[in-house]
Colleague: 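Got a structure for you, written out below as structure tokens; questions coming shortly.
Start at 1 and go down the list; that is how both ligands and their atoms are numbered. Note that these values count all heavy atoms, side chains included, but never hydrogens, waters or copies made by symmetry.
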Amino acid sequence: MRAVRQHAYGEPLAVEEVPDPVAGDGEELVEVAYGAVNPLDVWIGAGAVAVAGPLPRTPGCEGVGRTADGRRVGFRGAGLGLVRDGAWAERVAVPADALAAIPDGCDDRDAAALGIPGVTALDCLDLAEVGDGSTVLVLGASGGVSTIALQLARTRGARVIAQTTSPNRVGQVSRYADDVVVAEADTLEEAVREVAPDGVDAILDPLAGPFAAPCVRLLAAKGTLVLYGASAGPEFAFGPQEMYRKNARVVGYSGLPVAPAATARSMEALYALVAAGTLEAVIADELPLEEANDAVARIRENRAGGKLLLRP
Ligand SMILES: NC(=O)c1ccc[n+]([C@@H]2O[C@H](COP(=O)([O-])OP(=O)(O)OC[C@H]3O[C@@H](n4cnc5c(N)ncnc54)[C@H](OP(=O)(O)O)[C@@H]3O)[C@@H](O)[C@H]2O)c1
């Protein structure tokens, strides 16, 4: 079968003929329809994720496809693309407890955009206790996670403010937000206060770096900042008083330690929302496996503008 292969960290990927995978005990063979591309794949490929396994390896931490008995399934986690061969191939062996059933009304393409981004959005909104009447600020609003977070926050009855650095993405983002602010880190606080003078109850932040300090200042009393990425930089600083004087919380989230079975149930809940017409997957582009290097570059350089999928 054809598979994308990583032979060395930081080096370009290759597409090669490799033997078909063999499903072991408790695993199923999946014929891949789409492999999704996530920033996590980019970090892994750069050698920046400490737990990554030996090379060469097929990347791709998530995807969708068909089992041997014809079930449509999505899958993510369980070490795929990280410590074992992943989804950027024609076929992949997946632990059965990581398989999520895709219902009628949710097509393969939509499902492929909902694994890592959807579960991250869901879990971060839960961590920040976003509910009816909350005001929530979602940073990096055009991104895969944020596009879903905006929509899920609205279904919970929250007022949603979206931040983007990209003026050309305002139209796409405003579809899912009550207010959109175009701001870099140094203008974020002022821009958000124009629409929310008293600050916000929750912030979902995939950017960190210079964005973290204005976010802490923007939290209202008992507000929560969820840090789940570092797209704008790994280092940040803020005055502790800005946090403790408001009884505010700053919490981190990683999906990597979440059990595959729990993740699969969350994915099924997201697929059901798509089938019910409550949630839209936003796909920026789908590319053949041969263009995996281009997909990686688009994410690294913030040129993706939404979810990228690879088609075997
Ligand atoms: N902790 C977890 O379990 C977990 C799970 C999923 C993702 N993540 C992390 O969360 C982040 C977002 O993931 P994603 O899948 O949504 O990524 P994505 O689709 O590539 O979107 C990221 C968005 O962030 C903004 N952005 C990117 N680079 C930026 C920069 N240098 N400065 C300012 N804004 C920037 C862009 O939005 P605008 O153009 O609209 O500004 C971009 O669309 C990544 O860092 C990823 O590693 C973590």
Colleague: Starting from atom 11 (C) of ligand 1, which protein heavy atom do you reach first, and at what distance in Å?
Modeller: P206 CB, 3.5 Å
Colleague: For atom 22 (C) of ligand 1, which protein heavy atom lies nearest, and how many Å away is it?
Modeller: G143 CA, 4.0 Å
Colleague: Which residue and atom name correspond to the protein heavy atom nearest atom 35 (C) of ligand 1, and how close is it?
Modeller: L207 CD2, 3.5 Å
Colleague: Please state which protein non-hydrogen atom is closest to atom 43 (O) of ligand 1 and give its distance, to 0.1 Å?
Modeller: S142 OG, 2.9 Å
Colleague: Do L127 and V216 land in one hydrophobic cluster if side-chain heavy atoms of ILVMFWY residues count as linked below 4.5 Å?
Modeller: no
Colleague: What is the closest protein heavy atom to atom 42 (C) of ligand 1, and at what distance does it sit?
Modeller: N302 OD1, 3.3 Å
Colleague: Heavy atom under 4.0 Å from ligand 1: found in L139's side chain, backbone, both, or neither?
Modeller: neither
Colleague: Which protein heavy atom lies closest to atom 45 (O) of ligand 1, and at what distance to 0.1 Å?
Modeller: S231 OG, 2.8 Å
Colleague: Grouping I, L, V, M, F, W and Y whenever their side-chain heavy atoms are under 4.5 Å apart, do V30 and V18 come out in a common cluster?
Modeller: no
Colleague: Checking a contact table here: which protein heavy atom is nearest atom 46 (C) of ligand 1, and how many Å away?
Modeller: P39 CB, 3.6 Å
Colleague: What's the spacing between L225 CG and L204 CG if we round to 0.5 Å?
Modeller: 9.0 Å
Colleague: Could you check atom 10 (O) of ligand 1 against the protein and tell me its nearest heavy-atom contact, residue, atom and distance included?
Modeller: Y228 CE1, 3.4 Å
